[in-house]
Amino acid sequence: MSALNLYDTSTREVGVFTPIKSGEVSIYVCGATVQASPHIGHIRSAVNFDVLRRWLIHSGFAVVFIRNVTDIDDKILQKAAQEQVPWWAHAMKYEREFTAAFAALNVLPPTYEPRATGHITQMIELMQILIDNGSAYAPGNGDVYLEVRNLKRYLTLSGQRIDDLMPAADVEMSISMKRDPRDFALWKAAKLGEPSWPTPWGAGRPGWHLECSAMAYAYLGESFDIHGGGLDLIFPHHENEIAQSEAAGYGFAKRWLHNAWVTQSGEKMSKSLGNSLLVEVILQRVRGIELRWYLVSAHYRSMLEYSESALDESVVAFRRIEAFLKRATEVVGTVPVPLMSKAFSDAMNDDLAVPTGLASISENLRAGNQGITDGDLGVVSKNASEIRGALGILGCDPFDSNFTTSSSSDLSDAMDGVVQLMLKERASARDRKDFAASDAIRDGLLALGITIEDTAQGPRWSIMEKS
RNA sequence: GGUCGGGUGGCCGAGAGGCGAGGCAAGGGACUGCAAAUCCCUCUACACGGGUUCAAAUCCCGUCCCGACCUCCA
């Protein structure tokens, strides 16, 4: 298919994507609450939406991509208090960790990355609109609530009915100032020792949902094309964003995309379950490009069941592709120019069907390797280019400068010279059929992490990637 | 209780009425002094029970099992 089709959580259907403004796409993705170190589930979300963004850019759209940072919330305050550091220092520390993880996984920086605490003014303005038009109320205790009973479309994203929800355990109506237990806080009154900002209704801090509505409006306007986030944000976070923004009279998001989780033993990865795998820990085992390859290889709406063996298998598969591109570059003499194959393009247009796209990469790989064997440079070049084109969309292009390690070229020239000397020794040993000597050289180099392969074009050497 | 996803070969993982995605593993073969790499071949499946249809992994009904959300969540 030549037009991009995307799933929409609100309709539960895949349909043709048409932006509000021709040629432009505006995206808001819920980013991190910076309260702890990123695990691979967090980063999967970022990587999935990064692939969407890259594909949109490739398809010719000008993309405005907003991903927020939630730098104030209950958990941040609570953990900062436990660790006896200021809440803002705690938030900043983990924001830096997320930024580092995004960079290690080659996630493009957002067009803008707004922090909640930098948008209190916009939140107050939004609350004022909601209070003025009767959608929200400030009962006088410093809280501000949104009244949900009157909202026609409340819970349509998650397909629930308000009366079917489990009784809200956290609201004791006898002491609550809420008109209805389902009403949610736009703004929370300051408790002793907590940070606060002044408002017409009392000093306090933002509720969880308000920031996204305020910041989406600030940067993308009343309506925008795509709102993304993890599956678990559908309710309550996204429902409440819709409630706030629509009550304010905004069109808000035209389409909703949600990524599935990384699971372990069938269960969602989460800090509270204690089964989270930190990005930095995995990056001690595999390279960023390899972890990214693993995370993109599943469809974004499918659960990705993590296991070490699955990760290892994925790494091996990626290294095969990488090895081919290296050999192709050697054989052809130039780095392949990225090209988009129809098979990969069709797959991406079908709701970002990366797994189907991977099948086309496999075809390219086989044909390309065959081309090397046959010495058919045209075939090698075409397939290497198509692989590189596909990898570029997935953010896994080994030629991407974000991944290439800047080793000194003097050093690698010297290294090549040394290995070539050894290979010359080995060649003469082989010529006189002294295989014990030739194998000793190969084994010796292997012990140093240098792999020797005999090809039709002569022996080639490579340094094994760390793992 | 409500809502939403799943169950596919030894394993991973797509597909969503006809044409057996793909990968890994396994076995066989080609190449090789050996190896590595590469290529070729082989194997195999749709949780269960009904139904609709010329045709069902795919649609319908029922059953079982797994997971998620229901105010912390990517």
Side-chain angles (χ1 to χ4, degrees), chain A residues 9 12 29-33 35-36 38-49 70 73-75 78 155 158-171 181-185 207-209 228-237 239-240 258-263 265-273 276 297-299 301-305 307 309-310 312-314 316-317 320 323-324 327 343 347 350 353-363 365-374 430 433-436 438-439 442-443 446 451-456 459-460 462:
Chain A
T9 306
R12 317 265 170 196
V29 174
C30 287
T33 299
Q35 48 118 344
H39 61 58
I40 60 171
H42 295 124
I43 223 74
R44 182 188 183 194
S45 179
V47 164
N48 283 158
F49 286 106
T70 300
D73 90 319
D74 293 350
K75 278 233 167 115
Q78 187 192 321
L155 302 184
S158 57
Q160 302 176 96
R161 289 183 311 164
I162 199 161
D163 293 318
D164 288 341
L165 298 180
M166 287 214 296
D170 63 325
V171 180
R182 293 295 166 196
D183 292 349
F184 62 90
W208 177 30
H209 317 295
L231 213 50
D232 42 5
L233 297 181
I234 294 174
F235 184 87
H237 186 52
E239 291 286 11
N240 289 353
H258 291 96
N259 66 279
W261 298 296
V262 179
T263 58
S265 310
E267 289 188 332
K268 172 186 167 189
M269 187 166 292
S270 92
K271 284 160 204 148
S272 47
L273 285 173
S276 60
S297 62
H299 186 88
R301 286 195 282 120
S302 298
M303 300 291 170
L304 177 59
E305 171 69 19
S307 71
S309 58
D312 289 345
E313 184 183 306
S314 176
V316 169
R320 273 189 80 213
F324 165 69
R327 267 179 281 130
D350 183 13
V354 175
T356 308
L358 297 189
S360 78
I361 293 177
S362 290
E363 304 283 323
L365 186 60
R366 193 162 37 75
N369 274 319
Q370 188 70 67
I372 290 177
T373 306
D374 299 344
R430 290 179 75 194
K433 307 273 183 208
D434 184 357
F435 298 121
S438 70
D439 288 352
R442 188 174 63 199
D443 294 345
L446 187 64
T451 310
I452 303 303
E453 290 167 15
D454 293 316
T455 73
R460 63 185 294 273
S462 53

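In what follows, chains are A, B, ... by sequence order, proteins preceding strands, each numbered from 1.
For the pair A/I452 CD1 and B/C34 C1', the interatomic distance rounds to 15 Å; values are reported in whole Å. One atom, CZ of A/F49, and another, P of B/A74, lie 13 Å apart when rounded to the nearest Å. Rounded to an integer number of Å, the gap from CG of A/L165 to C1' of B/U3 is 9 Å. Rounded to whole angstrom, the span from the CG atom of A/L155 across to the P atom of B/C4 amounts to 13 Å. Atom CG in A/D374 sits about 11 Å away from atom P in B/C40, given to the nearest Å. To the nearest angstrom, C1' of B/C4 lies 6 Å from CZ of A/R12. Counting to the nearest Å, the P atom of B/A74 and the CG atom of A/L304 are 17 Å from each other. Atom C1' of nucleotide B/C4 and atom CG of A/L231 are separated by 8 Å, given to the nearest angstrom.
The ring of A/W261 does not lie on top of the base of B/A68; it is either too far (5.5 Å or more) or too tilted (30° or more).
When Watson-Crick and G-U wobble pairs are counted only if both distances are under 3.5 Å, B/A36 pairs with no nucleotide at all. Under the Watson-Crick and G-U wobble criteria, each requiring two contacts below 3.5 Å, nucleotide B/G22 is paired to B/C12. B/U3 is paired with B/A68 under the criterion used here, namely a Watson-Crick or G-U wobble arrangement in which both key atom distances are under 3.5 Å. The base-pairing partner of B/G62, taking Watson-Crick or G-U wobble contacts with both distances under 3.5 Å, is B/C48.
For A/E305, the listed nucleotide lying nearest its side chain is B/G13; candidates were B/G13, B/C69, B/G22. When each of B/A74, B/G33, B/C39 is scored by its nearest atom to the side-chain atoms of A/R430, the top-ranked nucleotide is B/G33. When the nucleotides B/A74, B/C70, B/A35 are ranked by their closest atom to the side chain of A/R182, B/C70 comes out on top. Side chain of A/V262, nearest nucleotide from B/A74, B/A36, B/G13: B/A74. Nearest nucleotide to the A/T373 side chain, out of B/U38, B/A21, B/G2: B/U38. Here the nucleotide nearest the side chain of A/Q160, chosen from B/A35, B/G22, B/C70, is B/C70. Side-chain proximity of A/D73 to the nucleotides B/G33, B/C72, B/U71 is greatest for B/C72. Side-chain proximity of A/K268 to B/A14, B/A74, B/U38: nearest is B/A74. Here B/U71 is the nucleotide among B/A35, B/U71, B/C24 with the atom lying nearest to any side-chain atom of A/F235. Nearest nucleotide to the A/Q370 side chain, out of B/U71, B/A74, B/C39: B/C39.
Using a 4.0 Å heavy-atom criterion, one finds that A/H299 contacts the sugar-phosphate atoms exclusively. Here A/V29 lies out of heavy-atom contact (under 4.0 Å) with every strand. Base contact: A/G41 has a heavy atom under 4.0 Å from a base atom.
Residue A/N259 holds its CG atom at 3.5 Å from OG of A/S45, rounded to the nearest 0.5 Å.
When every heavy atom of A/P355 is checked against every heavy atom of A/A298, the shortest pair comes out as CG-C, 4.1 Å.
Of the P atoms belonging to B/U63 and B/U3, the separation is 15 Å, rounded to the nearest Å. For the P atoms, the distance linking B/C46 with B/C19 amounts to 14 Å, nearest Å. Only the C1' atoms considered, B/G62 is 25 Å distant from B/G15, to the nearest whole Å. For the C1' atom pair drawn from B/G22 and B/G9, the interatomic distance equals 14 Å after rounding to whole Å. Comparing B/U58 with B/U42, their C1' atoms sit 28 Å apart, to the nearest whole Å. Spacing of P atoms, B/A45 relative to B/U32, comes out at 37 Å, to the nearest Å. Remark: the separation of the C1' atoms in B/A74 and B/C65 is 27 Å, to the nearest Å. Atom C1' of B/C31 sits at a distance of 9 Å from the matching atom of B/C39, rounded to the whole Å.
Not one side-chain nitrogen or oxygen of A/S302 sits closer than 4.0 Å to the OP1 or OP2 atom of B/G5. At the phosphate of B/C40, OP1 or OP2 sits under 4.0 Å from a side-chain N or O atom of A/R366. When the side-chain nitrogen and oxygen atoms of A/R320 are compared with OP1 and OP2 of B/G23, none of them lie within a distance under 4.0 Å. Proximity of A/N369 to the phosphate of B/C39: a side-chain N or O atom is located under 4.0 Å from OP1 or OP2. Contact between the side-chain N/O atoms of A/K433 and the OP1/OP2 oxygens of B/C34 is not found at any separation under 4.0 Å. Distances shown here put every side-chain N or O of A/S158 at or beyond 4.0 Å from the OP1 or OP2 atom of B/C4.
Here the side chain of A/E239 pairs a donor or acceptor atom with the backbone of A/S158 at under 3.5 angstrom. Put simply, the side chain of A/S360 never gets that close to the backbone of A/T356: no donor and acceptor are under 3.5 Å apart. With A/D164 contributing its side chain and A/Q160 its backbone, the two residues share no donor-acceptor pair below 3.5 Å. Listed for the A/R44 side chain is a donor-acceptor partner under 3.5 Å among the backbone atoms of A/A260.
At a cut-off of 3.5 angstrom, counting only N and O atoms as typed in the model, there is a donor on one side and an acceptor on the other between the side-chain of A/D454 and the base of B/C34. Judged by distance alone, with hydrogens and angles left aside, A/D439 brings a side-chain donor or acceptor within reach of the base of B/G33, the pair sitting under 3.5 Å.
Mapping A/M303 and A/L365 onto RNA chain B via the closest heavy atom, the residue that lands nearer the 5' end is A/M303. Residues A/R301 and A/A317 both approach RNA chain B. Their nearest nucleotides, taken by heavy-atom distance, put A/R301 toward the 5′ side.
A salt bridge does not link A/R460 to A/D454: none of the charged nitrogens lies less than 4.0 Å from a carboxylate oxygen.
No side-chain N or O of A/T33 forms a donor-acceptor pair with one of A/D73 less than 3.5 Å apart.
Note on ring orientation: taking the six-membered ring where Trp is involved, the planes of A/H237 and A/H209 are tilted (angle from 30° to 60°).
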